[in-house]
Amino acid sequence: MPAVTVDNILALPRLEAADPSAVDRPVLGVVTAPVGYEGEGFPVRRAFAGIDLAHLDPFIHMDQMGEVNYAPGEPKGTPWHPHRGFETVTYMIDGIMEHQDSNGGGGIIGGGDTQWMTAGGGILHIEAPPEHLVMSGGLFHGVQLWVNLPKSNKMAAPRYQDITGSKVALVSSPDGGALVRVIAGEIGGHQGPGSTYTPIALSHTTVAPGASVTLPWNRDFNALVYVLAGDGFVGADRRPISSGQTAVFGRGDSITITAADVQDSRTESLEVFVLGGQPIREPVAMAGPFVMNTKAEVLQAFEDYEAGRLGSIPAAHESLD
């Protein structure tokens, strides 16, 4: 699981040791993600399935894409499809994904890169592995997160952020046992590069076997930890957690994550996706690729899509629709 790493973690800026008076967030529950398929048959784990939206807000949906090792000719992506009312965040760990949208945004993202697309008032986009990787096959692994937009920004102009791995803030735990990659928001005074409408914090954190890290966390944010790979514990009471599981936390000042002393043969360390944000606390009406506040707004989005008002597919790619 390469993503972004460093030769000497002790040379990085470090998180401050946890304040003894800080309240460690309690674990409200641990949920196992079911397996599903996306687009043209890409295997995913539905990380938030079974979790009450009140605990997810401002997030809507998250898939762990893969991990899958494709044979030549097997790699799959998604066809052209619309979105309105939220932002998609695609974080690649292994492999390469190519993105293009009807607003002129897009690019190629690989290990450690993030594609941040604000659908806003409406956009069409496509995500697929480049042709040379379809021919060669290979390992594909990543995360796609849907971040809700408040009503005031639902119809914002679409935008695209290409966040390469080199832009991500890298931070060490005080003892060097954990590498924290801050993708967006702020963790312990360290700011990630992602620009967001809704205040959030996102991190891919690697915890070495037997090590523990306590992340300071905004009291106004919710808090979730999804295990990409490995085994460990969450919270001060060391609630067991393993690959494909999401921990939901209650209120407090910090999040504690501990790696098991022994990991499986495929995993060197505990790999977690840590996220939280300021709840929007607005009604959510969701159907397919649209996330709005009312059913009428969702129906309008479908109408607008069918009428071609969410953009048009670039001529060179019309055959992919």
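All figures in this text were calculated on a predicted structure; none of them were measured in a lab.
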* May I ask you to test the His141-Val68 pair for a side-chain heavy-atom distance under 4.5 Å? => no

* Tell me whether the centres of the aromatic rings in His61 and Phe86 are closer together than 6.0 Å. => no

* Asked: Is there a side-chain contact between Thr90 and Met65 (heavy atoms, below 4.5 Å)?
  -> yes

* Indicate yes or no for a side-chain donor-acceptor contact from Glu98 to the backbone of Gln100 under 3.5 Å, with no hydrogens or angles considered. => no

* To do: Could you tell me whether the side chain of Gln191 and the main chain of Gly185 form a donor-acceptor pair under 3.5 Å?
  => yes

* Asked: Is any side-chain heavy atom of Leu215 less than 4.5 Å from a side-chain heavy atom of Ile257?
  -> yes

* Would Phe249 and Val234 count as a side-chain contact (heavy atoms from CB on, under 4.5 Å) if you check the C-alpha gap in whole Å, the side-chain angles of each, and the deciding distance to 0.1 Å? -> CA-CA 9 Å; Phe249 291 81; Val234 285; 3.8 Å; yes

* To do: Nearest 0.5 Å please: distance from the CG atom of Asn103 over to the CG atom of Leu310.
  => 11.5 Å

* To do: Could you walk me through whether Val44 and Val35 pass side-chain contact (heavy atoms from CB on, under 4.5 Å), step by step?
  => CA-CA 6 Å; Val44 296; Val35 176; over 6 Å; no

* **Heavy-atom side-chain proximity of Leu15 to Val180 below 4.5 angstrom** => yes

* Basic-acidic side-chain contact under 4.0 Å: Arg84, Asp304 -> yes

* **Pairwise side-chain contact, Leu202 with Val89, heavy-atom cut-off 4.5 Å (strictly under)** => yes

* Do Val27 and Phe273 share a hydrophobic cluster (ILVMFWY, side-chain heavy atoms under 4.5 Å, transitive)? -> no

* Asked: Is there a chain of hydrophobic side chains (I, L, V, M, F, W, Y, each step under 4.5 Å between heavy atoms) that links Ile93 to Ile183?
  -> yes

* Asked: Taking atom CG of Leu145 and atom CD1 of Ile200, what is their separation to the nearest 0.5 Å?
  -> 6.5 Å

* Considering non-hydrogen atoms only, spot the tightest contact between Phe290 and Val298 and give its length. => CD1-O, 4.4 Å

* Does Gly104 offer a backbone N or O that forms a donor-acceptor pair with the side chain of Asp101 under 3.5 Å? -> yes

* To do: Taking the side chain as every heavy atom from C-beta outward, state whether Thr196 and Trp116 have any pair of such atoms under 4.5 Å apart.
  => yes

* When you look at Tyr91 and His204, which way does the ring-ring contact (aromatic ring centres under 6.0 Å, His included) test go after all the steps? -> CA-CA 9 Å; Tyr91 173 64; His204 172 194; 5.5 Å; yes

* Flag yes if Trp217 and Leu275 sit in one hydrophobic cluster, no otherwise; membership is Ile, Leu, Val, Met, Phe, Trp, Tyr, and two members link when side-chain heavy atoms are under 4.5 Å apart. => no

* Asked: Measuring from Ile108:CD1 to Ile96:CD1, what's the distance to the nearest 0.5 Å?
  -> 7.0 Å

* Asked: Which of these, Leu56, Thr198, Val284, sits in a side chain to side chain contact (heavy atoms under 4.5 Å, CB included) with Asn148?
  -> Val284

* Asked: Would you say the side chain of Leu124 lies within less than 4.5 Å of the side chain of Ile313, judging by non-hydrogen atoms?
  -> yes

* Does Arg238 make a cation-pi contact with Phe233 (under 6.0 Å, within 45 degrees of the axis)? -> yes

* Asked: When you check the side-chain N and O atoms of Gln64 and Tyr226, is any donor under 3.5 Å from an acceptor?
  -> yes

* Minimum heavy-atom distance Gly112-Val4, with the two atoms named -> CA-CG2, 3.8 Å

* Asked: With a cut-off of 6.0 Å (strictly less than), are more than 12 heavy atoms of other residues, nucleotides or ligands near CD of Glu268?
  -> no

* To do: Could you tell me whether a side-chain N or O of Arg159 sits under 3.5 Å from a main-chain N or O of Thr118, the two making a donor and an acceptor?
  => no

* What's the spacing between Thr5 OG1 and Leu179 CG if we round to 0.5 Å? -> 6.0 Å

* Give the cluster check for Val274 versus Val143: same hydrophobic cluster or not, with ILVMFWY residues linked at side-chain heavy-atom distances below 4.5 Å. => no

* To do: Could you tell me whether the side chains of Glu127 and Gln144 share a donor-acceptor contact shorter than 3.5 Å?
  => yes

* Derivation and outcome, side-chain contact (heavy atoms from CB on, under 4.5 Å), residues Asp162 and Ile109 -> CA-CA 8 Å; Asp162 179 19; Ile109 55 173; 4.1 Å; yes

* Relative to each other, are the rings of Trp146 and His83 parallel, tilted or perpendicular (30° and 60° limits)? -> perpendicular

* side-chain contact (heavy atoms from CB on, under 4.5 Å) assessment of Glu271 paired with Gln263 -> CA-CA 11 Å; Glu271 304 281 352; Gln263 300 294 328; over 6 Å; no

* To do: List the steps, then state whether side-chain hydrogen bond (donor to acceptor under 3.5 Å, both in side chains) holds for Thr164 with Ser166.
  => CA-CA 5 Å; Thr164 61; Ser166 62; 3.0 Å; yes

* Structure fact -> Leu53 and Phe59 have their tightest heavy-atom pair at CD1-O, 3.8 Å

* Asked: Is there a side-chain contact between Val171 and Arg14 (heavy atoms, below 4.5 Å)?
  -> no

* Got a donor-acceptor contact below 3.5 angstrom from the Thr246 side chain to the Ala47 backbone? -> yes

* Asked: CD of Gln115 to NE2 of His125: how many Å apart, nearest 0.5 Å?
  -> 7.0 Å

* **N/O donor-acceptor pair under 3.5 Å between Lys167 side chain and Pro193 backbone** => no

* To do: Say whether, by atom type as modelled, one donor and one acceptor occur between the side chain of Lys154 and the main chain of Leu149 under 3.5 angstrom.
  => yes

* For a side chain to side chain contact (heavy atoms under 4.5 Å, CB included) with Arg181, tell me which candidate from Thr205, Thr114, Leu170 qualifies. => Leu170

* Asked: Would you say the side-chain atoms of Asp113 pair up with the backbone N or O of Gly110, donor to acceptor, closer than 3.5 Å?
  -> yes

* **Flag, side chain of Ser173 to backbone of Ala178, donor-acceptor distance under 3.5 Å** => yes

* Asked: Would you call Glu67-Arg45 a salt bridge at under 4.0 Å N-O?
  -> no

* Structure fact -> Tightest non-hydrogen contact, residues Lys151 and Glu282, listed as N-OE1, 2.8 Å

* **Test item: Asn8 side-chain N/O and Leu10 main-chain N/O as donor-acceptor pair under 3.5 Å** => yes

* Would you name the heavy atoms of Pro279 and Asp220 that are closest together and state the gap between them? => CD-O, 3.4 Å

* Donor + acceptor pair across side chains of Ser312, Ser102 (<3.5 Å) -> no

* Enter the distance from Leu224:CG to Leu28:CG here, rounded to the nearest 0.5 Å. => 10.0 Å

* Do Tyr305 and Met155 share a hydrophobic cluster (ILVMFWY, side-chain heavy atoms under 4.5 Å, transitive)? -> yes

* **Ion pair check, Asp63 and Arg46, cut-off under 4.0 Å** => yes

* State, to 0.1 Å, how close Ile241 and Ala247 come at their nearest heavy-atom pair, and which atoms those are. => CD1-CB, 3.6 Å

